[in-house]
Amino acid sequence: WPLEEIFEGEKATRPKFKDLAYLWFYQSYGLWLAAGIVYEFAFLLRQFLPTQWLSFVQHQPFWLQAGAALLIAEVWVYLAHRLSHRWSFLWRFHRVHHAVTEMTWSASSRQHPVDFLFIIVGANLPAMILGIDLRSIAALLVFERLYTVLLHSNLRLDWGWFTGIFASPSLHRVHHTPSGNDKNYAGILSLLDVLGSTYQSPAHAGRRPQARMEKQ
């Protein structure tokens, strides 16, 4: 909020009460609900893994476990997000988020509950099943939530060539335009968009012809 006020001034989009309510609910009760679902399913499914595997994972360095958790989560976010734009059943929930017409930090959590749980549970469940350190998963979750707020902020920030690896607010702004909503699906690792041929550079977004969102 302070960054928007400093850099955008009068152009800054003022937070709406509805968006603040979404933000408060999902970052408090929503996360606790998701954590409960993840824990219960992970506890049940982990029993099918050999103990040697769990021991192997738990003896890996913290940074390696955290990196693995991030990669697993980001692959899920990319695939789930892309599917949400392609499959009409998921789109009916995800389109709530695309009601955001003005980018602002407070609108980052404007989501349908089904869309929220689909993303959060799916992103963290594999790491929990594999026995990755809970501290690394918690650190990832905090980082991801904060980064999501930054991506939706009304700041025209871009990381230059590095945007092809890590998403920037300018890159995600393209996804929220009518001609770019079939591009830039990744949450943090935009490298997945590059590999999936869905990357659209902010510098070239204005040159792309108008395209209708596919909802079938």
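On a predicted model such as this, the values are computed, not experimentally measured, just so you know. Throughout, residue positions are numbered sequentially from 1 according to the sequence presented.
Shown here for Ala123 and Val77, the closest heavy-atom pair between the two residues is CB-CG2, 4.2 Å. Of all non-hydrogen atoms in Lys183 and Ser197, the two that sit nearest each other are NZ-O, 3.5 Å.
Two rings, from Trp24 and Phe17, have their centers 6.0 Å or more apart. A ring-centre distance under 6.0 Å is found for His98 and His175.
Using a 30° and 60° split on the angle between ring planes, Tyr185 and Tyr78 fall in the perpendicular class, above 60°. Note: His172 and His176 have perpendicular aromatic rings, judged against thresholds of 30 and 60 degrees for the angle between ring planes. Taking the six-membered ring for Trp and thresholds of 30 and 60 degrees, Phe56 and Trp53 have ring planes inclined between 30 and 60 degrees apart.
Arg145 CZ to Ser109 OG: the interatomic distance, rounded to the nearest 0.5 Å, is 5.5 Å. Between the OG1 atom in Thr104 and the CZ atom in Arg110 there is a gap of 9.0 Å [rounded to 0.5 Å]. Taking CG of Leu31 as the start and CG of Leu117 as the end, the distance is 10.0 Å to the nearest 0.5 Å. In this structure, CZ in Phe166 is found 9.0 Å from CG in Leu191, a value given to the nearest 0.5 Å.
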* In sequence, state the C-alpha distance, the side-chain angles, and the governing distance for Trp76 and Phe118, and then conclude on ring pair (Phe, Tyr, Trp, His ring centres under 6.0 Å). => CA-CA 10 Å; Trp76 170 262; Phe118 179 59; 5.3 Å; yes
* Run the numbers on His112 and His97 for ring pair (Phe, Tyr, Trp, His ring centres under 6.0 Å), then give the verdict. => CA-CA 7 Å; His112 190 282; His97 183 63; over 10 Å; no
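Under the 4.5 Å side-chain criterion, counting only non-hydrogen atoms from C-beta, Ser153 is not in contact with Leu3. Looking at Thr163 and Ser168, their side chains come closer than 4.5 Å, going by heavy atoms from C-beta outward. By the 4.5 Å heavy-atom criterion applied to side chains, Tyr22 and Gln111 are not counted as neighbours. Between Asp133 and Gln58, every side-chain heavy-atom pair lies at or beyond the 4.5 Å cut-off. When side chains are defined from C-beta on, Thr198 does not count as touching Asp182, because their heavy atoms never get closer than 4.5 Å.
Grouping Ile, Leu, Val, Met, Phe, Trp and Tyr by side-chain contacts under 4.5 Å, direct or through others, puts Val142 with Leu146.
Atom OH of Tyr29 sits in a sparse spot, with 12 or fewer heavy atoms from other residues, nucleotides or ligands closer than 6.0 Å.
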